[in-house]
Structures are given as C-alpha cells and as structure tokens.
Protein chains: 2
Amino acid sequence: MTTTPAPDPAVRDSVRGPVPDSVRGPVRDDDFLRLDQQICFSLNAASRAFGGVYRIVLKDLGLTYPQYLVMLVLWEHGELPVKKLGEHLRLDSGTLSPLLKRLEAAGLVRRERSAQDERSVVVRLTDEGTALREQALRVPRRIAAATGFDLDEILELRARLDKLTGALDAAALEETPGCA
Amino acid sequence: MTTTPAPDPAVRDSVRGPVPDSVRGPVRDDDFLRLDQQICFSLNAASRAFGGVYRIVLKDLGLTYPQYLVMLVLWEHGELPVKKLGEHLRLDSGTLSPLLKRLEAAGLVRRERSAQDERSVVVRLTDEGTALREQALRVPRRIAAATGFDLDEILELRARLDKLTGALDAAALEETPGCA
DNA sequence: CGCCATTCAGTTGTGCACAATTGAGTTGTG
DNA sequence: CACAACTCAATTGTGCACAACTGAATGGCG
C-alpha cells in the first residue's frame, strides 16, 4: 500500500487567496516548492498507474502499453511511414525504431522502404496484426471501468490535459536556447 | 515541431450524448477504441511534456526530473531510508538504487546502512545537497508559469488525477491474479 | 536456541524516452 | 549537372520503470 501523498490542506491554504498569485505578490517559495511536488508528481503517478493497469490488461495480447498505442494508430490508419506514426504519438525514431522492430519480430507489422522515397519506411499491419484488433476491442472498456470515471469526466480531464500539454510545449519551445 | 495530435471533434461527437454511457447502452467498441487512445494518450503526453519542461529548467541544477523529485522529498524530510523514499514516490528499489547511486556520485547525498537495522539504508543530504535547495527554489515558479494554469486550476487538476490514480491502483489490485 | 517467513536493498534483464549523431536519400539553387 | 541544405530512419548512450530474483538481516515461534 503506497502512501498516497495527501492533499495536505495546509499547503493549499498557505498559498491561496482571492487575488491571483502574480498580483498578490509574496507567495513564499518554500510553499511553492511543496505544492510543486504535488502537481508534477500527481501527473507522473497517474500516468504510471495507468501503465500498471494497461500492463495487466494487455498481457493477454502480448503487447506493452506503448506498443498498444502504436497498434491503435495503425488500426485506425492502416499503414503509415515511421515519421507520421511519430507525429501521432509524439515519439521520435529513437523510440519507435526498436519498438517497431519488436512488433515486427512478433509478426504484427512489416516494415518496408517506400518506393517513392527511399528514406521513408512504411509500417504495415500483417494479417495477424489486423486480427489482433478483435482481441483489443474489449480493452478500452476494462480500462474505462478501472478508472471509475464516467465519459464526461474522462472527456473533461482529457481536455484539461491537452490544454496543459499545449502550454507546456509552447513554453518549452520558447525557453529552448536555440530558438530565440 | 511535433504535430500536436488534434482534439479530433469527430471522435468526441461519435461517443457523446446527453445520457450517461452506462445508461445509454451500446457505445460501439470501435468508438471506444478510439476514445481510449485519446485519454490514456493525453495523460502520457502531458506527463512527457512536463518532463520536457523540467529537463530544461533542471539542467542548471544538474538534476533529472526523477532525481529532482527525490531531492524534494529529502529537502522536506531531511533523511529517509530507501523504503520510505520509495513510498513517498511510488518507486521501488529497482528504480531508486541506481538513481541514488548517481546522486551520491554527484555528491548530493550519502547512503549509510542503518545501525538499528542493517537491512535498511538511510539516505542523507550532504551539505552540497542541502545547499542545492537554494537553486531549486525558483524552479516551481518557472514550471507553474510554463503551464499557464492558475493555482486553482492546478489544484483541481491535481485532485482529479489523485482520484484517478486511486481508482486505477485499486483496480490493479483487484485484477491481479494472485490476490483473489 | 534453531528454524522459517518476512523485510529490505541491490542486481539483472527488458522495454521506453530522449538527446545526439550517422548515413543514405532527396530537393532546391546556381 | 553539381553541391549544399534538408529529411528521414537508424544507432548510440544515458537514465528511468518495473518484474523477477538474490542475499543479508530481522523477528516470531516452537
């Protein structure tokens, strides 16, 4: 039983107020350092908790969670070059190349150099990979059930997370040294 | 520039309705398979986007994001055995042992076998590790700024994520074969 | 006391994330 | 055509997450 980091009302109250932080002025850095642990950490923990549930549910399919995400994209789009796959999933070739090699070894996909552009490698589902979709159809319900969230809650959370991701990506771009 | 996976309104609309899913009945598995990609994926993407921003901000401190989390816990609690550290962070010795070894190599912590219990290893901050806290104090503000979220938004999101994590952990426990 | 289950940190092995680099292939421009 | 700039997948190296296991230390129990 992992000790869930408690909401810790003391932290909340110590930094809260009717006036936005930027105007109100001195929120002590000490407080912020503790709050900070809560938010970044909560996201991390939730992501890993998801990973744990997927690991259990996907064991029957012989897929890891990232491999499942790749398969989802392929089931939806049929076939894609590695580059496009990476854009859908926010992953680069450093992550995808070995992952796809494992999927190929498992007989779920094939990788073929594009004839039009010899730089590009197109990833296609094999018959076996296509067939696996049938097994995968029951996965989402099990996951959704595990969350205990109803559809609206999920959708709203997703919207917040996407907004957050957008803001973080924009900030990362701005702050990267080589892009002023 | 990674192409941000768009909200894709078609997906949303295809599964949405005024009636809660559990009552409305047959949501097609196909739809769910696509929605599923959105939620688990959004969480993953947000977590990694956070990682990207932390990577930039923490570069000055010479810390990775997980190392920073460990330091946060140590700054708050002074010293802890590896086990307790793991409970705070939801990490086991397989992750912490090498991480702590790197922090020790960096001169930020020491690891000493407990005299009371020779099985236990207590992690302590060095003077250098304690001093690093001063540098870390400005990190949370930069992160908070990068999110573009105000405090209430952060706190609410955190509450939702913690709820989600709790539900997922409970589900994982129930569904684990060896605990019926 | 002697034995055994439990607790703890560490190790090993697999897989993912990401930065940096490589090398083949392509495209634009003179 | 020639050549520089760019694109793309793959590779290398570092670090994290987690399962499975090892081995030492502890604590309970007969």
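Each chain gets a letter, A, B and so on, in the order its sequence line appears, and its residues count up from 1. Remember, it's a predicted structure, so these values are computed and weren't measured experimentally.
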Residue [X], side-chain atoms from C-beta onward, closest of [options]:
| X | options | value |
| --- | --- | --- |
| A/Asp92 | C/dA9, C/dT26, C/dA19 | C/dA19 |
| B/Ser120 | D/dA17, C/dA19, C/dC8 | C/dC8 |
| A/Thr95 | D/dT26, D/dC8, C/dA17 | C/dA17 |
| B/Arg48 | D/dC18, D/dG15, C/dC18 | C/dC18 |
| A/Val121 | D/dA10, D/dA17, C/dA19 | D/dA10 |
| A/Pro81 | D/dA9, C/dA9, C/dC18 | D/dA9 |

(message) When you compare the side chains of A/Glu128 and A/Thr126, does any donor N or O come within less than 3.5 Å of an acceptor on the partner?
(response)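 No - no donor-acceptor pair under 3.5 Å links their side chains.
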
Within the structure shown, what part of the strands sits under 4.0 Å from [X] by heavy-atom distance: base, sugar-phosphate, or nothing?
| X | answer |
| --- | --- |
| A/Thr64 | sugar-phosphate |
| B/Ser97 | base |
| B/Leu96 | nothing |

(request) Determine the minimum heavy-atom distance between A/Glu79 and A/Leu74, stating which atoms define it. (result)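 Taking every non-hydrogen atom into account, CA-CD2, 4.4 Å.
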
(request) Mind listing the closest non-hydrogen atom pair of A/Arg142 and A/Asp60 along with its distance? (result) NH1-OD2, 4.2 Å

(request) Side-chain contact test, heavy atoms from C-beta onward, threshold under 4.5 Å: evaluate it for B/Leu164 versus A/Phe50 and give yes or no. (result) yes

Over how many whole Å does the gap from [X] atom [atom1] to [N] atom [atom2] extend?
| X | N | atom1 | atom2 | result |
| --- | --- | --- | --- | --- |
| A/Leu91 | D/dA10 | CG | P | 14 Å |
| A/Leu63 | C/dG15 | CG | P | 12 Å |
| B/Asp117 | D/dG23 | CG | C1' | 15 Å |
| B/Ile56 | C/dA19 | CD1 | P | 9 Å |
| B/Glu118 | C/dT6 | CD | P | 23 Å |
| B/Leu58 | D/dG15 | CG | C1' | 14 Å |
| B/Gln116 | C/dC8 | CD | P | 14 Å |
| A/Glu87 | D/dT7 | CD | C1' | 12 Å |

Should [X] be listed as having a side-chain N or O under 4.0 Å from OP1 or OP2 of [N]?
| X | N | value |
| --- | --- | --- |
| B/Arg113 | C/dA9 | no |
| A/Arg111 | D/dA9 | no |
| B/Lys101 | C/dG10 | no |

(message) Between A/Ala49 and A/Leu100, which residue's closest nucleotide on DNA chain D lies nearer the 5′ terminus?
(response) A/Leu100

(message) By nearest heavy atom, map A/Arg55 and A/Lys83 onto DNA chain D; which one lands nearer the 5' end?
(response)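 The residue whose closest nucleotide sits nearer the 5' end is A/Lys83.
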
(request) Answer with yes or no whether B/Ser93 presents, from its side chain, a donor or acceptor under 3.5 Å of a partner atom in the base of C/dG10. (result)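 Under the 3.5 Å cut-off, the side chain and the base do form a donor-acceptor pair.
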
(message) Looking at the base of C/dT26, is there any donor atom on it, or on the side chain of A/Arg119, that sits under 3.5 Å from an acceptor on the other one?
(response) no

(request) Name the pairing partner of C/dC18, where a pair is Watson-Crick or G-U wobble with both distances under 3.5 Å, or state none. (result) D/dG13

(request) Can you label the angle between the A/Tyr68 ring and the A/Trp75 ring as parallel, tilted or perpendicular, going by 30° and 60°? (result)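 Rings of A/Tyr68 and A/Trp75: perpendicular, over 60°.
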
(message) Closer than 3.5 angstrom, by distance alone: can the side chain of B/Gln38 be matched with the main-chain N or O of A/Arg158 as a donor-acceptor pair?
(response)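 No: the side chain of B/Gln38 does not pair with the backbone of A/Arg158.
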
